[in-house]
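Values below: all heavy atoms of this structure, side chains included; hydrogens, waters and symmetry mates excluded. As the structure lists them, so they are numbered: ligands from 1, and atoms in each ligand from 1. What you see is a predicted model, and the numbers here were worked out from it, not measured in a lab.
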Amino acid sequence: MKITGARVIVTSPGRNYVTLKIETDEGIYGIGDGTLNGRELAVASYLQDHLCPMLIGRDARDIEDTWQLFYRGAYWRRGPVTMAAIAAVDVALWDIKGKALDTPVWNLLGGRSRDGIMCYAHASSRSLEDVIEQVQRYTAEGYKAVRVQCLVPGLEEMYGIPRAGAGRTGIGLPYVEQGWSTEKYLRFAPKMFDRVRAAVGFDVALLHDAHHRLTPSQAGWLGKRLEDHQLLWLEDTVPAELQASYRVIRQHTTTPLAVGEVFNTLFDCEQLIREQLIDYIRASIVHAGGISHLRKIAAFAEPYGVRTGCHGAADLSPVTMGAAVHFGVATYNAAVQEYNVHPEEASDVFDWDWGLKDGFLVPGDRPGIGVDIDEKAAARFEYERAYLPISRREDGSVGNY
Ligand code: GCO
Ligand code: MG
């Protein structure tokens, strides 16, 4: 089965998405996601200018060989741009294989370990009362887990998840800057969980994201203070590249720790997993080299008791989410999948068969990954340059996003 075409579709139905479509001489095509929030065109060029020409004429069945060709063959390895581009190719080829064999991708990954993967929703607001109401609403809808984020009193903006449209406009700048104070955050976060747990009880799993803004000792203190609230996880406490920091954090708290949405390969988390410094690895299919590489991360983590809790913010397209659902039902140590509703217009462009059932994401029964793209509709939503907000600390210096 020869690859006859490979093209990149950049579209912005509510937000930017980069999709790769690979065509074969048997009339079967597959799609993969290469979206890298705020740096989308770098991946589009990497694919268009460098990988697509090499794909033409290759056998679409040889997924592993194609992965190795692009990873090892480039000499310049790793990094988010490279690994998102490789992921787009990889997922498109798994999609083709599923369609060629007339079977969903979970069946190619060893079959099901479960019928659906538990997901978590997002309660996020400027007001704590509103956050509590959101948790209650999600619980009533059947969600088993909810991430809790709230505006820190004394700060002007939320952090971590930009409000809709943020980043597209700034005052005199093409990007938005937001003030940050770790001290104010640390005073508030434990009280927030005191209030939320008192209101919603312990039947719902709660999660929280610190977005890389703490030092190891601050993280240890926060984790310790939150222990009685029994979080499912405390995410991204310190900058993710500081793997050794987790030794300090781990010695100070038993709150479960998650890290890794910005990781691109196993090498970014090898120490964290081998030393059992974390409980959940958050690497995603799109940013960690596709299904083929994420499987290897998961396989490495399994004997150490580390489970996956893959990133799934709205910048991870319905294509990645489709692949993630197959990965989540097939992979033994997949624990939870982040889930964020995509912008409404995304369903004009993408058509997917995965769905939400009682707090679990479940695959549909189409062959491949079960997601398609309407290229005509995609052309109606032109790319718009967008940036993630920049964080500035109270002393004026740039902080970690
Ligand atoms: C999460 C993430 C997101 C990221 C975003 C960056 O846990 O979902 O931290 O909120 O900030 O996906 O592109
Ligand atoms: Mg996060």
Side-chain angles (χ1 to χ4, degrees), residues 12 14-18 33-43 80-81 83-84 87 119-125 134 138 143 145-151 157-168 175-176 178 180 185 189 205-214 219 222 231-241 256-264 268-269 272 278-288 308-321 324 335-343 346 361 384-391 399-401:
S12 191
R15 61 181 314 138
N16 294 320
Y17 295 115
V18 174
D33 174 29
T35 308
L36 186 61
N37 198 7
R39 295 292 184 272
E40 299 86 359
L41 298 185
V43 183
V81 176
M83 299 309 286
C119 67
Y120 66 89
H122 291 259
S124 174
S125 173
Q134 287 182 33
Y138 283 128
Y143 281 94
V146 184
R147 188 183 95 160
V148 170
Q149 307 289 134
C150 186
L151 177 73
E157 294 288 347
M158 300 277 300
Y159 72 97
I161 285 202
R163 63 189 144 67
R168 294 195 174 207
Y175 56 91
V176 166
Q178 299 178 338
W180 175 253
Y185 164 78
L206 298 179
L207 306 85
H208 180 66
D209 191 348
H211 241 275
H212 317 282
R213 295 174 180 206
L214 310 181
L222 180 62
L231 299 195
L232 190 142
W233 76 45
L234 174 61
E235 172 181 341
D236 284 345
T237 51
V238 298
E241 55 270 49
L257 302 170
V259 67
E261 66 186 40
V262 297
F263 291 166
N264 314 123
D268 297 326
C269 47
L272 291 173
I278 55 171
D279 300 273
Y280 298 92
I281 178 70
R282 291 207 7 94
S284 69
I285 285 171
V286 55
H287 300 134
T308 68
C310 301
H311 187 204
D315 47 296
L316 285 81
S317 93
V319 181
T320 282
M321 291 304 292
V336 53
Q337 171 64 52
E338 179 178 8
Y339 174 54
N340 223 314
V341 178
H342 294 98
L361 293 173
E384 282 185 55
R385 193 187 333 272
Y387 297 94
L388 281 160
I390 304 294
S391 159
N400 296 310
Y401 180 67

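- Close approach of ligand 1 to Asn37 is summarised as follows: ligand atoms under 4.0 Å from at least one heavy atom of the residue are 6 (C), 13 (O).
- With a cut-off of 2.8 Å, the Mg ion (ligand 2) has no N, O or S atom of Glu338 in range.
- With ligand atoms numbered from 1 in the order given, ligand 1 contributes 1 (C), 7 (O), 8 (O) to contacts under 4.0 Å with heavy atoms of Arg147.
- Of the candidates Arg282, His211, His311, Arg282 is the only one forming a side chain to side chain donor-acceptor pair (under 3.5 Å) with Glu235.
- Every atom of ligand 1 with a heavy atom of Glu338 under 4.0 Å away is listed here by number and element: 1 (C), 7 (O), 8 (O).
- The Arg282 neighbourhood of ligand 1 comprises atoms 1 (C), 7 (O), with distances under 4.0 Å to a heavy atom of that residue.
- When every heavy atom of Asn400 is checked against every heavy atom of His212, the shortest pair comes out as ND2-O, 3.1 Å.
- At least one N, O or S atom of Glu235 sits under 2.8 Å from the Mg ion (ligand 2).
- For ligand 1 and Asp209, the ligand atoms under 4.0 Å from any heavy atom of the residue are 1 (C), 7 (O), 9 (O).
- When you scan the N, O or S atoms of Glu261 for the one nearest the Mg ion (ligand 2), you land on OE1.
- Inter-residue side-chain proximity for Tyr401 and Ile390 is flagged as unmet; no heavy-atom pair is nearer than 4.5 Å.
- For ligand 1, the atoms lying closer than 4.0 Å to a non-hydrogen atom of His211 are 2 (C), 4 (C), 9 (O), 10 (O), 11 (O).
- Between the side chain of Asp268 and the backbone N or O of Asn264, at least one donor-acceptor pair lies under 3.5 Å.
- Listed by number with element, the atoms of ligand 1 under 4.0 Å from a non-hydrogen atom of Tyr401 are 11 (O).
- A salt bridge does not link Arg385 with Glu40: every distance from a Lys NZ or Arg NE/NH1/NH2 to an Asp or Glu carboxylate oxygen is 4.0 Å or more.
- For Asp209, the N/O/S atom at the shortest distance from the Mg ion (ligand 2) is named OD2.
- Counting heavy atoms from C-beta on, the side chains of Leu206 and Arg147 never come closer than 4.5 Å.
- The minimum heavy-atom distance linking Asp209 with Gln149 is given by the pair N-OE1, 2.8 Å.
- The aromatic ring centres of Tyr120 and Trp233 sit less than 6.0 Å apart.
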